[in-house]
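Some notes on the structure that comes next.
Start at 1 with the first residue, then count along the sequence. Just so we're clear, the structure is a prediction, and the values are computed from it rather than from any experiment.
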Amino acid sequence: MNKAFTKETDGADDAEDDELPAPPLPAGARNYLTPAGYRRLRGELMALLDDERPKIVETVSWAAKNGDRSENGDYLYGKKRLREIDRRIRFLTKRLDIAEVADPSLHHGNEQIFFGATVTYANARGEEKTVTIKGVDETDNLHGDISWVSPIARALIKARGGDVVQLMTPGGLETLEVLAVKYPKPE
């Protein structure tokens with residue numbers, strides 16, 4: 001096809017450049033993070049700013065000097081990657097600006113469930129599960145890390161070992177018994 005009939009610009013992927021919505025926080029709520037979660041997000045931000053972005057800028061600059069940009073893969077993919085990096089930098093900066101670090105080790109030895117607790121509970125069928133209540137930006141369901149705004153965390157918060165709590169699920173009301181509550185040891 002003749003190039004005159006195609007529309008290719010440096011902003012060809014602008015539709016993809018829209019920022020992805022952040023994981024939801026309740027209105028007026030703070031963005032709680034554990035100290036480890038804050039360090040991880042800050043480390044990712046610094047790595048993007050100090051390492052990855054300068055390398056991509058150098059590659060794009062080199063590729064731009066090579067002439068025709070419309071068929072220059074290094075230039076096109078470099079610009080796309082640069083937009084992705086800049087989007088992630090904006091996201092991390094916003095999230096870290098509103099972050100409030102809450103150290104769960106302050107509750108070490110406490111039996112009441114708060115942010116940062118690792119809770120083992122059993123449902124009515126006797127199935128046991130262990131979850132750790134963390135910040136919205138730290139959730140990892142595969143490792144049992146749940147958000148403090150999730151329904152299960154909201155049901156468990158302020159309960160103690162041995163308490164029975166009610167959780168509303170799509171399948172109906174479920175009864176959970178708190179078996180154990182642990183917090184990390186202070187460093």
Side-chain angles (χ1 to χ4, degrees), residues 1 3-106 114-118 130-153 182-187:
M1 178 183 273
K3 180 134 174 94
F5 295 107
T6 63
K7 181 179 178 186
E8 291 182 25
T9 63
D10 286 343
D13 294 330
D14 283 343
E16 295 175 18
D17 200 29
D18 294 336
E19 291 199 32
L20 298 174
L25 286 171
R30 300 182 190 255
N31 184 27
Y32 292 109
L33 289 171
T34 62
Y38 183 85
R39 283 191 301 271
R40 184 184 58 78
L41 290 179
R42 180 127 173 88
E44 180 183 352
L45 176 63
M46 299 289 47
L48 289 171
L49 288 171
D50 296 339
D51 298 330
E52 194 166 350
R53 191 174 194 287
K55 289 177 187 174
I56 299 296
V57 167
E58 185 179 326
T59 301
V60 169
S61 176
W62 168 82
K65 293 176 188 173
N66 287 338
D68 185 14
R69 296 178 185 176
S70 66
E71 295 182 15
N72 187 332
D74 287 330
Y75 180 79
L76 295 174
Y77 295 119
K79 290 287 283 187
K80 181 178 182 198
R81 180 65 184 136
L82 197 55
R83 284 191 300 274
E84 292 168 356
I85 291 170
D86 287 343
R87 185 180 319 120
R88 185 68 180 165
I89 288 171
R90 282 191 306 273
F91 172 79
L92 290 172
T93 302
K94 287 178 186 176
R95 293 305 262 202
L96 290 171
D97 283 348
I98 63 170
E100 186 166 317
V101 179
D103 189 0
S105 66
L106 297 175
F114 295 110
F115 178 84
T118 299
T130 301
V131 296
T132 302
I133 301 171
K134 292 190 173 183
V136 173
D137 297 321
E138 302 176 90
T139 59
D140 182 1
N141 290 335
L142 295 177
H143 293 102
D145 297 336
I146 62 170
S147 166
W148 68 275
V149 296
S150 67
I152 182 75
K182 291 187 279 185
Y183 290 94
K185 292 182 181 179
E187 295 178 6

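No donor-acceptor pair under 3.5 Å is formed between the side chain of Tyr75 and the backbone N or O of Lys65. Between the Thr93 side chain and the Ile89 main chain, a donor and an acceptor come within less than 3.5 Å of each other. At least one donor-acceptor pair under 3.5 Å links the side chain of Asn31 to the backbone N or O of Arg95. Of the possible polar contacts, none joining the Glu138 side chain to the Asp145 backbone as a donor-acceptor pair under 3.5 Å is found.
When the side chain to side chain donor-acceptor pair (under 3.5 Å) test is applied to Ser105, the partners found at least two apart in sequence or on another chain are Asp103. Not counting sequence neighbours, the partners of Glu52 by the side chain to side chain donor-acceptor pair (under 3.5 Å) test are Arg81. Partners of Asp74 according to the side chain to side chain donor-acceptor pair (under 3.5 Å) rule, which considers only residues two or more places apart in sequence or in another chain, do not exist here. Tyr38 meets the ring-ring contact (aromatic ring centres under 6.0 Å, His included) test with no other residue; sequence neighbours excluded. Listed by chain and number, the residues in a side chain to side chain donor-acceptor pair (under 3.5 Å) with Thr139 amount to none (sequence neighbours excluded). Shown here are the salt bridge (charged side-chain N to carboxylate O under 4.0 Å, His left out) partners of Glu58, two or more places apart in sequence or in another chain: there are none.
Atoms CG and NE2, on Asp140 and His143 in that order, are 5.5 Å from each other to the nearest 0.5 Å. Separating the OG1 atom in Thr59 from the OH atom in Tyr77 is a distance of 15.0 Å, to the nearest 0.5 Å.
Ring-plane geometry between Tyr32 and Phe115 is classed as tilted, the angle between the planes lying from 30 to 60 degrees on a 0 to 90 degree scale.
When every heavy atom of Ser147 is checked against every heavy atom of Ala153, the shortest pair comes out as O-CB, 3.2 Å. In terms of heavy atoms, Ile152 sits closest to Ile146 at CG2-CD1, 3.4 Å.
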